[in-house]
Colleague: 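Got a structure for you, questions after.
Keep in mind that what you see is a predicted model, and the values were worked out from it rather than measured.
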Amino acid sequence: MEFTDSYKQTGPCCFSPNARFIAVAVDYRLVIRDTLSFKVVQLFSCLDKISYIEWALDSEYILCGLYKRPMIQAWSLTQPEWTCKIDEGPAGIAYARWSPDSRHILTTTDFQLQLTVWSLVNTACVHVQWPKHASRGVSFTRDGKFAAICTRRDFDTQDLADVEWSPDDSSVVVWDSPLEYKVLIYSPDGRCLLKYQPYESGLGVKSVSWSPCGQFLAVGSYDQMLRVLNHLTWKTFAELMHPSTVRAPCYATVFKEVDEPLELDMSELCLNDDFSHGNDANVTEAPFRVRYEVMEVPINLPFQKPLADKPNPKQGIGLLSWSNDSQYICTRNDSMPTTLWIWDIRHLELAAILVQKDPIKAAAWDPTCTRLILCTASTHLYMWTPSGAYCVHAPLPQFTVTDLKWNSDGSCLLLKDKESFCCAAVPLLPEESSEYSSDD
């Protein structure tokens with residue numbers, strides 16, 4: 001991997017959908033950089049600190065959420081003199097997003113009083129009363145012709161969690177909060193195709209995700225199980241467990257992150273006077289490298305017992321993500337925050353387990369091939385492919401990777417620290433590689 005220098009950020013930063021630009025929030029300023037040269041191509045000044053940014057799908061427009069004011073400002077890359085400002089007045093703005101046509105902005109007011117669709121073409125607006133959520137509860141079909149919007153009527157206390165169209169627009173899934181633990185699937189004409197309840201008691205559903213091909217629906221639950229349904233019969237064809245102890249028979253490779261001391265040649269080492277007097281500027285990192293070690297089963301995985309008297313317990317499938325080809329799915333059981341499970345759905349078996357030293361902060365699949373990258377707020381990135389697992393050091397001083405995002409063509413990663421970001425060019429790995437660990 002090749003890493004750029006680090007640059008300041010005070011908020012969100014993301015690639016444009018066409019992968020040509022990076023938008024970065026720096027206090028009141030929106031900085032647009034070229035992905036290849038990293039040069040600043042546009043600089044926009046907002047009226048307040050930027051809390052949220054989102055590109056339009058055509059990569060021509062970008063909106064900034066100034067939620068402390070509260071206000072939305074939008075800008076055009078091709079027409080820098082053009083600007084748009086949306087202010088809901090006393091109702092405030094809790095969230096904003098683009099429509100698929102890149103010419104409408106949807107805003108939700110504070111306390112979810114209404115959702116408004118603003119047209120950038122003719123300045124018209126349409127109101128939807130009582131949206132259920134601010135940032136969730138809205139899903140568009142792939143062709144952009146229809147939107148499913150969750151609303152509340154007569155202050156209904158049944159807690160609908162979210163909604164999502166299938167990738168082929170043939171159905172829409174709705175799921176409830178843990179108090180209801182149900183999944184419902186509807187056809188576009190409103191017919192209920194399935195009422196699904198993973199189990200009879202407990203907290204129920206925690207995460208739901210369609211496979212990119214649209215043929216499978218993955219449901220992660222608080223009982224630490226992943227269940228996968230098919231789109232033809234809506235029957236469960238896989239129930240995948242996340243036990244704290246993995247025993248035989250298990251044909252998955254278990255990779256454990258370990259520290260390996262470096263063998264240093266001390267024969268030609270010479271200390272200057274500054275170092276001998278304890279000058280902090282000469283202090284270097286500890287003489288070890290990080291690598292993966294292949295472990296044998298049985299193995300006990302680090303486990304945290306959730307507190308019974310706390311709401312939203314840290315247990316169940318909190319992270320759930322499909323590979324681009326729909327063959328693999330990665331999961332994290334939140335009571336085992338340092339362990340990532342990778343399942344082969346085609347063969348209905350566990351493909352790999354990654355055991356990290358620190359809790360997993362983010363994991364993302366390459367959008368073009370079967371490659372998974374994760375981070376743990378350390379100075380390393382961790383990569384898995386069907387050929388093996390690798391550790392990659394980020395060679396930037398005082399930079400720990402707390403979040404990551406792929407660009408749309410899979411050639412570059414955006415890596416975030418608390419107050420800075422950088423990019424890493426990601427070469428295509430050889431398919432036949434048999435190396436299991438690396439620190440290159």
Colleague: Looking at Lys405, I'd like to know if its NZ atom is crowded, meaning that more than 12 non-hydrogen atoms belonging to other residues, nucleotides or ligands lie closer than 6.0 Å.
Modeller: yes

Colleague: Just checking, any donor-acceptor pair under 3.5 angstrom between side chains of Thr331 and His242?
Modeller: yes

Colleague: Looking at every heavy atom in both Arg97 and Leu63, which two are closest together, and how far apart are they?
Modeller: C-CD2, 4.1 Å

Colleague: State whether the side chain of Asn230 and the backbone N or O of Phe216 hold a donor-acceptor pair below 3.5 Å, judged by distance alone.
Modeller: no

Colleague: Indicate yes or no: does Lys39 engage Asp34 in a salt bridge with an N to O separation below 4.0 Å.
Modeller: no

Colleague: CZ of Phe111: more than 12 outside heavy atoms within 6.0 angstrom?
Modeller: no

Colleague: I would like to know whether Ser102 and Glu60 meet side chain to side chain donor-acceptor pair (under 3.5 Å); could you show each step before the answer?
Modeller: CA-CA 8 Å; Ser102 302; Glu60 180 178 344; over 6 Å; no

Colleague: Using a cut-off of 6.0 Å, state whether more than 12 heavy atoms not belonging to Arg136 lie near its atom CZ.
Modeller: yes

Colleague: Please examine the side chains of Leu30 and Gln73, heavy atoms only from C-beta on, and report whether any two atoms are closer than 4.5 Å.
Modeller: no

Colleague: Start with the C-alpha gap between Glu164 and Val208, add the side-chain angles, then the distance that decides, and say whether side-chain contact (heavy atoms from CB on, under 4.5 Å) holds.
Modeller: CA-CA 9 Å; Glu164 185 179 353; Val208 176; 5.6 Å; no

Colleague: Strictly below 4.0 Å, N to O, side chains only: are Asp27 and Arg29 in salt-bridge contact?
Modeller: no

Colleague: Using the six-membered ring wherever Trp is involved, compare the ring planes of Tyr95 and Tyr52 and label them parallel, tilted or perpendicular (cut-offs 30° and 60°).
Modeller: tilted

Colleague: Checking the side chain of Gln315 only, and the main-chain atoms of Asp334 only, is there a donor and an acceptor separated by less than 3.5 Å?
Modeller: no

Colleague: Just to verify, which of Asp259, Thr376, Thr338 counts as forming a side chain to side chain donor-acceptor pair (under 3.5 Å) with Lys357?
Modeller: Asp259

Colleague: Just by modelled atom types, is the Leu160 backbone N or O under 3.5 Å from a matching donor or acceptor in the His133 side chain?
Modeller: yes

Colleague: When you look at CZ of Phe237, are more than 12 heavy atoms from neighbouring residues, nucleotides or ligands closer to it than 6.0 Å?
Modeller: yes

Colleague: Taking the side chain from Arg291 and the backbone from Glu260, do they hold a donor-acceptor pair closer than 3.5 Å?
Modeller: no

Colleague: Given Phe3 and Phe399, is the ring pair (Phe, Tyr, Trp, His ring centres under 6.0 Å) satisfied, shown in steps?
Modeller: CA-CA 12 Å; Phe3 291 79; Phe399 191 95; 8.4 Å; no

Colleague: Less than 4.5 Å apart, side chain to side chain, heavy atoms only: is that true for Tyr28 and Leu66?
Modeller: no

Colleague: Under a 3.5 Å distance rule, please check whether Ser207 uses its side chain to pair with a backbone N or O of Leu320 as donor and acceptor.
Modeller: no

Colleague: Using every non-hydrogen atom in the two residues, find where Ile53 and Val24 come nearest and quote the distance to one decimal.
Modeller: CD1-N, 4.4 Å

Colleague: Any side-chain to backbone donor/acceptor pair from Ser221 onto Asp223? Under 3.5 Å, distance only.
Modeller: no

Colleague: Ignoring hydrogens and geometry beyond distance, is a side-chain donor-acceptor pair present between Tyr61 and Glu54 at under 3.5 Å?
Modeller: no

Colleague: Hey, are Arg371 and Asp366 close enough for a salt bridge, meaning a charged N less than 4.0 Å from a carboxylate O?
Modeller: yes

Colleague: In this structure, are over 12 heavy atoms from other groups packed under 6.0 Å from Lys361 atom NZ?
Modeller: no

Colleague: Between Tyr382 and Phe255, is the gap from one ring center to the other below 6.0 Å?
Modeller: no

Colleague: Can you tell me how the ring of Trp55 sits relative to the ring of Phe21, calling it parallel under 30°, perpendicular over 60° and tilted otherwise?
Modeller: parallel

Colleague: Could you note down all residue pairs passing salt bridge (charged side-chain N to carboxylate O under 4.0 Å, His left out) where residues 344-353 supplies at least one of them, sequence neighbours left out?
Modeller: none

Colleague: Give me each pair satisfying salt bridge (charged side-chain N to carboxylate O under 4.0 Å, His left out) with a member in residues 230-246, each pair once, sequence neighbours excluded.
Modeller: Arg227-Glu239

Colleague: Is there a donor-acceptor pair under 3.5 Å between the side chain of Thr4 and the backbone N or O of Cys423?
Modeller: yes

Colleague: Would you call the rings of His231 and Trp234 parallel, tilted or perpendicular if under 30° counts as parallel and over 60° as perpendicular?
Modeller: perpendicular

Colleague: Can you check whether Gly11's main-chain N or O pairs, donor with acceptor, with Lys416's side chain at less than 3.5 Å?
Modeller: yes

